[in-house]
Amino acid sequence: MGRPEPRVDGRLKVTGNARYASDFPVANPAHACLVTSAIAKGRIVSFDLDDARAVPGVLDILTHETVGNEVHEPKFFGSGGTASTIHRPLSSAQISHAGQIVAIVVADTYEAAREAAYRVRVTYEEEDAATTLDSDGVETLPATKVRKEHKNPRVGDAAAALRAAPVTIDAVYETPTQHHNAIELYATTCVWSGEQLTVYEPSQFVHALKHAMAEQLGIDAEDVRVISPYVGGAFGSKAAVTPRTALVAIAARRLNRPVKLVATRAQGFTIATYRAETRHRVRLGAQRDGKLTAYVHEGWEATSRLDDYLVGGTETTAHIYDVPNVSTRVNVVRTDRATPGFMRSPPEVPYVFALETALDELAEALDMDPIELRRINDTRNDPITGAPYTSRSLMACYDEASRAFGWRRRNLPPGSMRDGDWLVGWGCATAVYPTFMGAATARVRLARNGATRVEIAAHDLGTGAYTAIAQTAAERLGLPVAAVEVLLGDSALPAAPVAGGSNTTASCCNVVAKACDGIRRRLVRAAMRADRGPLRGRKPSSVNFVDRHIAGEDGAKVSLADAFDMLGAPMIEEYAHWLPHGMEPDALKKLHLGSAALTGGAMEDRIAAAFGAELVELRVNVYTGELRVPRIVGAFAAGRIVNPRTAHSQYVGGMIWGIASALHEQTELDRRVARYVNTDLAEYLIPVNADVPDVQAILVSEEDRLVNPLGIKGLGELANVGTAAALGNALYHATGRRIRKLPLRIEDVL
Ligand code: MOS
């Protein structure tokens, strides 16, 4: 494990000096406000803009009548593009979801823009909208029909194995719509300087946003620059390019003046993506000793009419236990809603909830400890392909978590632990996240005095990327972290992957280390070839960079400054690119074009994933049904941990969000009109300190020599996987009542 360095950007953030997208000062900006659709399906008959235009300071009102074909059709990210939807904003009178952008008002002040937006009157012709999975009018299709590349993992003969199994489970699970609700709102500022466009927008993928703007506006990509050094939360919502950006760019071009948009929180629920609701039927077959013989998982995922979004299905769950017969199938349900998208651990959160709850039901049926059931079905190989895990520490995680939790004292029968008016339940579940990596490039410059600058168009979503990257360069070059300056979040920097799939640390630290190694080679060669000097004639492999020196094993050393003098240069700059295992060489070219392709997880020749074990105590009030979570323990293994402090923070945050997700979090739909009801932060219930008094994250050490040169697995999205199942399982243990639908609510308990 690396050193628990404090965040290098911490001071900037707590003093308000970290610039988020809407903080950048631009000269004489005009302000934009969106008008969004009041219906979910139908068409706009007419606009009445007179009142809106009468507001002093209004400069322009863009509608489909004035924008029309100005935005070219975006390429959907699910089909190799970059956009959250193929919808062309303000291109027609057609409405395909509630809250769709129908106009954008631009004015001298935000207040004037907002007032005018309120005064825009739209007459609609409304049609019946299909809201969710079992609404009238939805269209259900196999995922393989919707997207040809989709694979439903399967092996053996699951149907026969189910029939033959002495113990079986067959149950249906459901998970709701959820929204990311990052604190930083969806903001975009566009500034034109002649042909050149600068976009300030919080982004998980600046190179994709750059290329998307070029495509959608029909301009040269080299004329677009995207700046996003800090992102105030994203969770997947700022990865794909949303329709608003092109509209702001068009408004700015028309006015020949910078235009700044900060969408309202309510608008954020409909102008960006969200977590799709899902349903699952899971069937398990097992022998009496707990050995799984069959796993059958059919999923249904809601999506829009326009786009072929897939949550991801059983890509993860099919590969994690030793089951000889697996059969999975995913269906897509088209509704009259905006297109869903990535939200923290997109397939894992819902699909693992279903599997890990079913496993708890199986443990109950077998009268077996649920951790023991997972031990019996642990594996070193992918059950589908037989390929080995690069490393896997699931049971080590369970061992450490159960020791810390005191799991041995668990009384087995449900309802057997009580403390006064509270029924007490203990539950567990597995957390898992596939290890993804992407092609990456970076530039590192080292000066004679040790000052180092790392340039990489990666993204820090609040996760600690600045710090992990600085640490990697500092360690490689034998410098203090303070000597390293890291520049991120700017499309003018060398391209790095989308900050998605928790790949940033693995991809970026590996490429930065590679660039540092290039610098080392040049300095070492100079020191070894120098006529004089203590390292003359040594082998390159026999020296290391420590404490601003190149040091031999015997203590002989040359200072960095002397090595630079031997080289005869004041500084070295190295550019490096890195391709992870299994990635085609053309991935670098595609990366520069904004491709979000990642590699990893279950591959033909190997499988890589980070694991964890989450154990929770849940209390249920016998009179009111109130649910409390006095403690949660998670133990996680994710290869080499670059920074245990930021990793710990990710784990704690992930588990707390997992608790929120399981107990509170649901975007409520008015099913009659396919509109969201609770589109604000006030009703987005998140646990505060009193709700989560004891959250313990244990970092289990794990060495992985295969996954990538530095042995790093991503962990950002790991810890909220499994939390919901652990809580539901604890609720069952407390009460004897199995709730198979999230969130777990008092009304279901009563
Ligand atoms: Mo994360 S949902 O892969 O941005």
Side-chain angles (χ1 to χ4, degrees), residues 9 12-13 15-35 52-53 55-62 66-67 70-71 89-90 101 103-117 184-203 206-207 209-214 216-232 238 241-264 267-268 271 455 457 459 485 487-493:
D9 51 343
L12 280 181
K13 285 190 170 175
T15 55
N17 285 307
R19 266 192 191 149
Y20 293 83
S22 65
D23 298 336
F24 280 85
V26 295
N28 190 30
H31 297 265
C33 190
L34 302 174
V35 182
R53 288 213 177 96
V55 175
V58 168
L59 301 166
D60 199 359
I61 302 175
L62 283 66
T66 53
V67 172
E70 212 166 325
V71 180
L90 302 187
I101 300 171
I104 176 166
V105 179
V106 191
D108 279 325
T109 64
Y110 173 70
E111 290 73 14
R114 188 178 55 178
E115 177 63 19
E184 184 192 26
L185 298 167
Y186 297 106
T188 301
T189 301
C190 289
V191 183
W192 290 90
S193 164
E195 304 282 286
Q196 295 185 325
L197 170 67
T198 304
V199 180
Y200 300 91
E201 179 175 310
S203 172
V206 290
H207 271 267
L209 185 49
K210 164 179 148 167
H211 281 275
M213 280 311 97
Q216 292 178 27
L217 300 171
I219 58 176
D220 189 335
E222 293 322 306
D223 284 336
V224 184
R225 182 172 175 196
V226 176
I227 296 178
S228 173
Y230 296 100
V231 179
K238 292 163 182 169
V241 178
T242 64
R244 75 181 191 276
T245 315
L247 292 179
V248 177
I250 286 173
R253 188 160 61 186
R254 289 185 178 204
L255 290 173
N256 195 20
R257 183 172 165 184
V259 172
K260 188 178 216 177
L261 167 76
V262 181
T264 66
Q267 289 169 345
I271 63 164
E455 297 178 321
H459 317 80
E485 180 193 14
L487 300 184
L488 307 180
D490 182 340
S491 65
L493 300 172

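Atom set for the values below is all heavy atoms of this structure, side chains included, hydrogens, waters and symmetry mates excluded.
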### Query
Under the salt bridge (Lys or Arg N to Asp or Glu O under 4.0 Å) test, which residues partner Glu485, sequence neighbours left out?
Arg453
### Side-chain heavy-atom pair Pro56, Glu115 within 4.5 angstrom cut-off
no
### Task
Return the set of residues passing salt bridge (Lys or Arg N to Asp or Glu O under 4.0 Å) with Glu195 (not counting sequence neighbours), or none when no residue passes.
none
### Task
State, yes or no, whether a side-chain contact exists between Thr188 and Cys190 at a heavy-atom distance under 4.5 Å.
yes
Listed pairs under 3.5 Å, donor-acceptor, residues 251-261 side chains, sequence neighbours left out:
from, atom 1, to, atom 2, distance (Å)
Arg254, NH2, Thr66, O, 2.7
Arg254, NH2, Glu70, OE1, 2.9
Arg257, NE, Asn28, O, 2.9
Arg257, NH1, Asp108, OD1, 2.8
Arg257, NH2, Asn28, OD1, 3.3
Arg257, NH2, Pro29, O, 3.4
Arg257, NH2, Asp108, OD1, 3.0
Lys260, NZ, Ser22, O, 2.9

#### Entry: Minimum heavy-atom distance Ala116-Val55, with the two atoms named
CA-CG2, 3.9 Å
### Query
Is there a side-chain contact between Glu184 and Lys238, using heavy atoms and a 4.5 Å cut-off?
yes
### Task
List for me each residue that meets side-chain contact (heavy atoms from CB on, under 4.5 Å) alongside Tyr110, sequence neighbours excluded, and say none if there are none.
His31, Arg114, Thr264
### Query
How about Met213 and Val241: do any of their side-chain heavy atoms sit closer than 4.5 Å?
yes
#### Entry: Residue pair Pro89 / Ile101, side-chain heavy-atom distance below 4.5 Å
no
### Task
Take Asp9 and Tyr230 through the side chain to side chain contact (heavy atoms under 4.5 Å, CB included) test and state the conclusion after the steps.
CA-CA 10 Å; Asp9 51 343; Tyr230 296 100; 3.8 Å; yes
### Task
For Glu201, check salt bridge (Lys or Arg N to Asp or Glu O under 4.0 Å) against everything at least two apart and list the hits.
Arg244
### Message
What I'd like to find out is whether the side chain of Thr189 reaches to under 4.5 Å of the side chain of Phe24, using heavy atoms alone.
### Response
no
### Task
Using the test salt bridge (Lys or Arg N to Asp or Glu O under 4.0 Å), find all partners of Asp490 that sit at least two apart in sequence or belong to another chain.
Arg225
